[in-house]
Every structure is written in structure tokens, then in C-alpha cells.
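Working notes for the structure below.
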Amino acid sequence: MLPHLQIWLNHFEYHAQHRRRLPEGIPDALTTEEHRAIARSIATFQLGEQSEGTHLLRAAWTFARNHDAAGLVRVIELLIREEQHHATLLRTFMREHSIPLRKRAWTDSVFRFVRRSAELELSLTVLLTAELIGNVYYRALEQATGCQKLRLLCRMLVADELAHVGLESDLLLAMRSHRSTLRRAMGESLHRLFFMGTAYVVWIGHQSVLRRAGYTARTFLRACRDQYAFYLQPPAGAAWRTGTR
């Protein structure tokens with residue numbers, strides 16, 4: 001059911017042994033204007049990166065037991081650890097620039113509630129939604145600042161999270177491929193609706209960063225939609241993904 005699981009396990013095992021680190025001596029100046037524009041926004045994303053992942057691991061364990069998916073729990077565990085590492089990198093940058101941490105955000109609370117009460121597929125759907133939009137956001141944050149250290153940090157986060165969304169979309173498409181065409185279409189429609197609604201909420205809450213990067217509401221939503229289409233609407237010919245294998 002999960003044909004690429006061993007490939008992903010190898011990838012995450014390797015990266016667990018070679019964590020990304022910011023090198024010393026990178027120019028680290030953040031202007032007052034930049035600080036004002038990004039502080040609350042980056043704190044919200046840092047909050048979203050930090051999670052113990054207890055419920056996601058439990059859902060993965062249940063799925064692995066029911067579908068004989070050896071290795072899935074380990075892959076999810078390594079994914080969570082990498083996200084926690086991202087949270088640490090962001091927290092360190094924030095501390096160096098006197099950006100206060102956020103203890104709560106209503107959007108983060110909603111995401112955590114859904115993931116806490118859901119089975120693996122829905123948990124992955126919510127997580128993938130956040131990471132696809134996050135990739136657009138971190139690229140925008142890179143463009144919104146002249147701080148070389150923050151720009152490099154954004155590139156590092158995106159590089160890791162491209163693998164995250166690759167794994168999560170791979171798992172979701174494999175799970176959905178065994179359903180009837182009608183059920184699959186209904187599920188995909190609901191996911192697209194949830195995804196675009198979430199992207200609009202992110203636009204509302206993070207305009208201070210996104211506008212500095214040159215986005216309008218229309219172009220930001222289009223960039224998010226393109227990310228969704230690339231990972232979750234593969235071209236014809238990807239047989240196992242379309243359920244024709």
C-alpha cells in the first residue's frame with residue numbers, strides 16, 4: 001500500500017544524522033522596520049513548527065498495525081524530530097533578535113485539535129496543508145528581509161520541508177488510490193476547499209510579510225494553489241497514484 005516507504009525511511013534516517021546548522025559569521029542585521037514587519041508573523045510559524053507529535057505517532061502506529069506498514073512509525077517519528085529542529089532554529093534566531101515567542105495562536109490551536117482527534121489520513125491532510133502553505137511563506141519571508149542569516153534559514157527550512165511534503169503527499173495519494181473514483185473525488189474536493197480556506201486565513205494574518213515580498217491576495221493564493229496541484233494532482237501516467245495500478 002505504501003510502495004515508497006523504504007526510500008523515505010532511508011532519506012529521513014540520513015538527515016537525522018546530518019542536521020542542518022547555520023554556519024557562524026553570517027551577516028545578521030535586522031532593521032527596525034523588518035523587525036516590526038516580521039516579528040509576530042515569524043513567531044506564529046515558529047509555534048506551528050514545535051510539536052511533540054504524540055497523536056500523530058499514535059495514528060501512525062494504528063495505521064501501520066492495520067496495514068502491515070513496517071517502518072511507517074519510524075518515518076513519522078523522524079519527520080516530527082526534524083520539525084522540532086526547525087522550531088529550535090527559529091527560536092534561536094528569535095531570541096537573538098529579541099522577538100518574543102508566542103504561546104498560542106487560534107489557527108495553531110485549530111490545527112492541533114483536528115490532528116489530535118483524527119486518524120492518520122486526516123492528520124496528514126492537515127499537516128500537508130500547513131507545510132505546503134509554509135513553503136510559500138518561507139520563500140516570501142526570504143524576499144521580505146535583507147538579513148542574510150534569516151534568508152539562509154528560510155532556504156534551509158524550505159529544503160527540508162520539500163521532503164516533508166513529498167513524503168506526506170506520497171502517503172496520502174497511496175491511501176486514496178484504493179478508493180472508488182467517486183469517494184476519491186469527494187475527498188480531494190474537500191481537501192482543496194480546506195486548503196484554499198487555510199491559505200486565505202494565512203494571507204489575512206501574515207500580510208505584513210507577504211506584501212513586502214510582492215504578493216497580493218490573488219498571487220499568494222495562486223502560488224499556494226500551484227503547490228497543491230504539483231504535489232496532489234499528479235499528471236496522468238503515475239499509475240499507482242491514480243488507483244489504476
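All figures in this text were calculated on a predicted structure; none of them were measured in a lab.
Here the SG-CD1 distance, from Cys154 to Ile42, works out to 6.5 Å after rounding to the nearest 0.5 Å. The line from CG of Leu153 to CG of Leu157 is 4.5 Å long, rounded to the nearest 0.5 Å. Here the straight-line distance linking atom CG of Leu120 with atom CG of Leu72 works out to 6.0 Å at 0.5 Å rounding. Rounding to the nearest 0.5 Å gives a distance of 11.0 Å between OG1 of Thr92 and NE2 of His97. Atom CG of Leu56 and atom OG of Ser123 lie 5.5 Å apart (nearest 0.5 Å). With rounding to the nearest 0.5 Å, the separation of NE2 in His4 from CG in Asn10 is 13.0 Å.
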Arg212/Gln207 under side-chain contact (heavy atoms from CB on, under 4.5 Å): CA gap, chis, key distance, verdict: CA-CA 8 Å; Arg212 284 178 65 89; Gln207 292 184 58; over 6 Å; no
Does the side-chain contact (heavy atoms from CB on, under 4.5 Å) test come out yes or no for Phe63 and Val73, once each step is laid out? CA-CA 9 Å; Phe63 184 93; Val73 175; over 6 Å; no
So Thr198 and Phe194, side-chain contact (heavy atoms from CB on, under 4.5 Å) or not? Walk me through it. CA-CA 6 Å; Thr198 302; Phe194 174 72; 3.8 Å; yes
Can you list the steps and then say if Arg19 with Glu82 is a side-chain contact (heavy atoms from CB on, under 4.5 Å)? CA-CA 8 Å; Arg19 290 286 185 227; Glu82 196 159 89; 3.3 Å; yes
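Taking both residues in full, the closest heavy atoms of Leu5 and Gly71 are given as CD2-C, 4.0 Å, listed atom of the first, atom of the second, then distance. Smallest separation of non-hydrogen atoms from Leu2 and Ala69: CD1-CB, 3.9 Å. Across all their heavy atoms, Pro100 and Ser98 have their closest contact at CD-O, 3.5 Å. Between Met156 and Leu22, the shortest heavy-atom contact is SD-CD2, 3.5 Å. Of all non-hydrogen atoms in Leu30 and Cys147, the two that sit nearest each other are CD1-CB, 3.9 Å.
When side chains are defined from C-beta on, Thr31 counts as touching Glu34, because their heavy atoms get closer than 4.5 Å. Residues Leu132 and Glu161 form no side-chain contact, since every pair of their non-hydrogen atoms from C-beta on lies 4.5 Å or further apart. Side-chain contact check for Thr145 versus Ile38: every heavy-atom pair is 4.5 Å or farther apart. For the pair Leu190/Thr125, no side-chain contact is recorded, criterion being any heavy-atom separation below 4.5 Å from C-beta on. Using a 4.5 Å cut-off on side-chain heavy atoms (C-beta onward), Met175 and Leu124 make contact. Between Pro23 and Leu152, some side-chain heavy-atom pair lies under the 4.5 Å cut-off. Side-chain contact between Val136 and Leu210 is absent, with no heavy-atom pair separated by less than 4.5 Å. Side-chain contact between Leu9 and Gln6 is present, with heavy atoms from C-beta onward closer than 4.5 Å.
Every residue two or more places apart in sequence or in another chain was checked for a side-chain hydrogen bond (donor to acceptor under 3.5 Å, both in side chains) with Arg36, and none qualifies. With sequence neighbours excluded, the residues that form a side chain to side chain contact (heavy atoms under 4.5 Å, CB included) with Leu182 are Ser180, Met186. Here Glu121 pairs with Arg176, Arg179 under the salt bridge (charged side-chain N to carboxylate O under 4.0 Å, His left out) rule; sequence neighbours left out. Considering only residues two or more places apart in sequence or on other chains, Arg40 meets the salt bridge (charged side-chain N to carboxylate O under 4.0 Å, His left out) condition with none of them. Under the side chain to side chain contact (heavy atoms under 4.5 Å, CB included) criterion, Thr181 pairs with Arg184, not counting sequence neighbours. Under the side chain to side chain contact (heavy atoms under 4.5 Å, CB included) criterion, Glu24 pairs with no residue, sequence neighbours left out. With sequence neighbours excluded, the residues that form a ring pair (Phe, Tyr, Trp, His ring centres under 6.0 Å) with His86 are His164. Looking at residues two or more places apart in sequence or on another chain, you find a side chain to side chain contact (heavy atoms under 4.5 Å, CB included) between Leu101 and Gln46, Arg91, Met94. Checked against salt bridge (charged side-chain N to carboxylate O under 4.0 Å, His left out), Arg183 has no partners two or more places apart in sequence or in another chain.
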Donor-acceptor pairs under 3.5 angstrom involving side-chain atoms of residues 217-230: please list them, not counting sequence neighbours.
unit_1	atom_1	unit_2	atom_2	d
Thr219	OG1	Thr216	N	2.8
Thr219	OG1	Thr216	O	3.2
Thr219	OG1	Thr216	OG1	3.2

With a cut-off of 3.5 Å and sequence neighbours excluded, list every side-chain donor-acceptor pair involving residues 11-18.
unit_1	atom_1	unit_2	atom_2	d
Glu13	OE1	Arg74	NH2	3.3
Glu13	OE2	Arg74	NE	3.0
His18	ND1	Tyr14	O	2.8

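A donor and an acceptor atom, one from each side chain of Asn135 and Glu131, are nowhere located under 3.5 Å apart. Side-chain contact, Thr129 with His191: a donor N or O sits under 3.5 Å from an acceptor N or O. No side-chain donor from either of Asp160 and His85 sits under 3.5 Å from a side-chain acceptor of the other.
Residue pairs meeting the ring pair (Phe, Tyr, Trp, His ring centres under 6.0 Å) criterion with at least one member in residues 127-154, sequence neighbours excluded, are Phe45-Tyr137, Phe45-Tyr138, Tyr137-His206.
A single hydrophobic cluster is seen to contain both Leu141 and Ile26, as judged by linkage of ILVMFWY side chains at heavy-atom distances under 4.5 Å, directly or through other members. Linking Ile, Leu, Val, Met, Phe, Trp and Tyr residues whenever their side-chain heavy atoms come within less than 4.5 Å places Leu128 and Leu162 in a single cluster. In the hydrophobic clustering of ILVMFWY residues, with side-chain heavy atoms under 4.5 Å counting as a link, Leu193 and Leu172 come out apart.
Other residues, nucleotides and ligands contribute only 12 or fewer heavy atoms inside 6.0 Å of the CG atom of Asp68.
Using modelled atom types, no side-chain atom of Arg102 and backbone atom of Leu47 make a donor-acceptor pair closer than 3.5 Å. Although no hydrogens or angles enter the test, the distance criterion places a donor-acceptor pair under 3.5 Å between the side chain of Thr88 and the main chain of Gln84. Between the side chain of Thr62 and the backbone N or O of Arg58 there is at least one donor-acceptor pair closer than 3.5 Å. No donor-acceptor distance shorter than 3.5 angstrom exists from the side chain of Asp170 to the backbone of Gly166, with no hydrogens or angles considered.
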